[in-house]
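Input: a single structure, listed below in structure tokens.
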Amino acid sequence: MILPKRNLRYFSLSSKSKPVSMKSLENKRPCLEFSQLSVKDSFRDLFIPKIETILMMYTRNNLNCAEPLFERNNSLNVNFNTQKKTVWLIHGYRLVGSVPSWLQNFLRILLNEEDMNVIVVDWSRGATTFIYNRAVKNTRKVAVSLSVHIKNLLKHGASLDNFHFIGVSLGAHISGFVGKIFHGQLGRITGLDPAGPRFSRKPPYSRLDYTDAKFVDVIHSDSNGMKFIKCNHQRAVHLFMASLETNCNFISFPCPSYKDYTASLCMDCDCFKEKSCPQLGYQANLFKDVLKERMEGRPLRTTVFLDTSGTYPFCTYYFVLSIIVPDKTMMDGSFSFKLLNQLGMIEEPRLYEKNKPFYKLQEIKILAQFYNDFVNISSIGLTYFQSSNLQCSTCTYKIQSLMLKSLTYPERPPLCRYNIVLKEREEVFLNPNTCTPKNT
């Protein structure tokens, strides 16, 4: 199921064609173009290494035509608004010099989301090389170059707090180095699949670190180092864009390890109050304050996990099924469930099983991931499986209540059902109702 996209607002430079004088044509400067390099430039870099940093500025006033951030007399471009947010978009290693395939779409989505300044940092001459280690060394040089421009912006009234750096691959570490130069006072850094080779297990001053900005969020979707270097289409970039372009909430779960996450041990979103668990992507900063509260007295760093689908828009939908059983009525067993909507659509979810045996628990919580969203749920198909060898086809098992809650959309009221009797391996379809306030 493809999610419906938000009502996108597109901005054009003009609505009607008007006669243009020769004088205005002469005064109109050409648009800046992203560096068009190739494998030949990677070969050339072996013998004549070069590094160059070009700043390409976009706003809603020049959505389709990049302009220089500073004029030749060092004055600030009139389209740059020092009072608005500024996103710095920084690419990574460019082995064959091609333009990042995601660049134009990323620009469109950002400027459609918010009226901001966007600065594309083109450091292709420095990133296009067969010598990966040379590109790694160039990241610090690019950061120093950017710091000079940033200091100039500050003189014109810009604020570090309004700066959001989005760095891909090596660009994530460039963002971190810029943050270090300004002592962690940048507003936000987002690292999208930060490059691993030459950075993994390095000390904080040698890579992107969570102290490099007031808020740092990182999306890891590729753990294979060499595969990452060769790949031009990192998943994290597209996940971040999907978080803006669709109405999906990419809910993630704070957890010590992926193993605990898949064991359904980290699904308590209630402590995040009305916001539910943190969201991946552009809206992650909305959870900054509540994350700080949770981490009080500990290092201000949180690791969260989520699973996505394999195709755009990569969205999945999380529900938690809470089951209350009377003490000692359930043997060591397991549940499975499926959902049926009013259109007759049925889907069995991926279940994240708890390791704890049920007979030691009074409340059983099961985290479930669906590939389709269920809004109007007509029934819940529930089955109980006894784990012991002493199977009993005539035995009955009592459930005091069950509650189904959407974690992806916490504003939806939970559904409940009470006083249920099950037989082993016999599926029962239950018609739930909106829970009463005392049960939520």
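Atom set for the values below is all heavy atoms of this structure, side chains included, hydrogens, waters and symmetry mates excluded. On a predicted model such as this, the values are computed, not experimentally measured, just so you know.
- A heavy-atom distance below 4.5 Å is found between the side chains of I90 and L146.
- Rounded to the nearest 0.5 angstrom, L430 CG and C416 SG are separated by 12.0 Å.
- Inspection of the N249 and T408 side chains reveals no N or O donor paired with an N or O acceptor under 3.5 Å.
- Looking at every heavy atom in both residues, L153 comes nearest to L69 through CD1-CD2, 4.0 Å.
- Going from atom OG1 of T211 over to atom NE2 of H183 covers 12.0 Å, rounded to the nearest 0.5 Å.
- A donor-acceptor distance shorter than 3.5 angstrom exists from the side chain of S378 to the backbone of L340, with no hydrogens or angles considered.
- Looking at V237 and D193, their side chains never come closer than 4.5 Å, going by heavy atoms from C-beta outward.
- In this structure, S264 contributes its side chain and I366 its backbone to no donor-acceptor pair below 3.5 Å.
- N341 places none of its side-chain heavy atoms less than 4.5 Å from the side chain of V375.
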Check against side chain to side chain contact (heavy atoms under 4.5 Å, CB included), C435 and K405: CA-CA 10 Å; C435 301; K405 182 175 178 61; over 6 Å; no
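- Side-chain N/O atoms of D161 and S159 include no donor and acceptor closer than 3.5 Å.
- Atom CZ of F43 sits in a sparse spot, with 12 or fewer heavy atoms from other residues, nucleotides or ligands closer than 6.0 Å.
- Evaluation of the side-chain contact (heavy atoms from CB on, under 4.5 Å) rule for N433 yields no partner, not counting sequence neighbours.
- Every residue meeting the side-chain contact (heavy atoms from CB on, under 4.5 Å) condition with P413, not counting sequence neighbours, appears here in chain and number order: T434.
- In terms of heavy atoms, I189 sits closest to A213 at CG1-CB, 3.7 Å.
- Here CZ of R94 is found 10.0 Å from CH2 of W123. Values are rounded to the nearest 0.5 Å.
- Not a single donor-acceptor pair under 3.5 Å links the side chain of T316 to the backbone N or O of S309.
- Residues P254 and T302 approach most closely at CB-CG2, 3.9 Å, considering heavy atoms.
- For W88, the ring-ring contact (aromatic ring centres under 6.0 Å, His included) test picks out F163, F165, with sequence neighbours left out.
- The nearest pair of heavy atoms linking D209 to D212 is N-OD2, 2.7 Å.
- For the residue pair N117/T59, the side-chain donor-acceptor check at 3.5 Å is not satisfied.
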Steps toward side chain to side chain contact (heavy atoms under 4.5 Å, CB included) verdict (F80, I119): CA-CA 10 Å; F80 186 93; I119 300 173; 4.1 Å; yes
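- The line from NZ of K338 to CZ of F429 is 5.0 Å long, rounded to the nearest 0.5 Å.
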Step-by-step side chain to side chain contact (heavy atoms under 4.5 Å, CB included) determination, H173 to V136: CA-CA 9 Å; H173 297 293; V136 169; over 6 Å; no
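- By the 4.0 Å N-to-carboxylate-O rule, D373 lies close enough to R412 to be salt-bridged with it.
- Put simply, the side chain of S322 never gets that close to the backbone of L402: no donor and acceptor are under 3.5 Å apart.
- Residue F314 comes nearest to A242 through the heavy atom pair CD1-CB, 4.4 Å, listed as atom of the first residue, atom of the second, then distance.
- In this structure a side-chain-to-backbone donor-acceptor pair under 3.5 Å is present from D122 to S35.
- Looking only at distances, a side-chain donor or acceptor of T262 sits under 3.5 Å from a matching main-chain atom of K259.
- Using the six-membered ring where Trp is involved, F240 and Y282 have ring planes that are perpendicular, over 60° apart on the 30 and 60° scheme.
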Worked verdict on E245 versus Y312 for side chain to side chain donor-acceptor pair (under 3.5 Å): CA-CA 11 Å; E245 199 173 23; Y312 184 87; 2.7 Å; yes
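- Interatomic distance, CZ of F106 versus CD1 of I166, reported as 4.5 Å (0.5 Å rounding).
- Counting heavy atoms from C-beta on, the side chains of D45 and T128 never come closer than 4.5 Å.
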I'd like a table of donor-acceptor pairs (distance under 3.5 Å, sequence neighbours excluded) in which one partner is a side-chain atom from residues 194-206, with atom names and distances.
| residue | atom | partner | partner atom | Å |
| --- | --- | --- | --- | --- |
| S200 | OG | G196 | O | 3.1 |

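- Of all heavy-atom pairs spanning P68 and L32, the tightest one is N-CD1, 3.5 Å.
- Rounded to the nearest 0.5 angstrom, I324 CD1 and K365 NZ are separated by 8.5 Å.
- Under a 3.5 Å cut-off, the side chain of Y93 and the backbone N or O of T129 do form a donor-acceptor pair.
- Side-chain contact between Y317 and F374: absent, with no pair of heavy atoms (C-beta onward) separated by less than 4.5 Å.
- Under the 3.5 Å distance criterion, the side-chain polar atoms of S252 are left unmatched by any main-chain donor or acceptor of L306.
- Legend: residues meeting ring-ring contact (aromatic ring centres under 6.0 Å, His included) with F215, ordered by chain and number and at least two apart, are absent.
- Side-chain atoms of N138 come within 3.5 Å of backbone N or O of G126 as a donor-acceptor pair.
- Side-chain contact between L351 and F337 is present, with heavy atoms from C-beta onward closer than 4.5 Å.
- With 3.5 Å as the limit, one finds no donor-acceptor pair spanning the side chains of Q369 and D307.
- Proximity of D217 to R188: side-chain heavy atoms (C-beta onward) are separated by under 4.5 Å at one or more points.
- No donor-acceptor distance shorter than 3.5 angstrom exists from the side chain of T139 to the backbone of A135, with no hydrogens or angles considered.
- For Y258, the ring-ring contact (aromatic ring centres under 6.0 Å, His included) partners at least two apart in sequence or on another chain are Y261, F305.
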Side chain to side chain contact (heavy atoms under 4.5 Å, CB included) between E114 and L110, worked out: CA-CA 6 Å; E114 189 173 341; L110 285 170; over 6 Å; no
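- Within the 4.5 Å cutoff, side-chain heavy atoms of P256 are placed close to those of C266.
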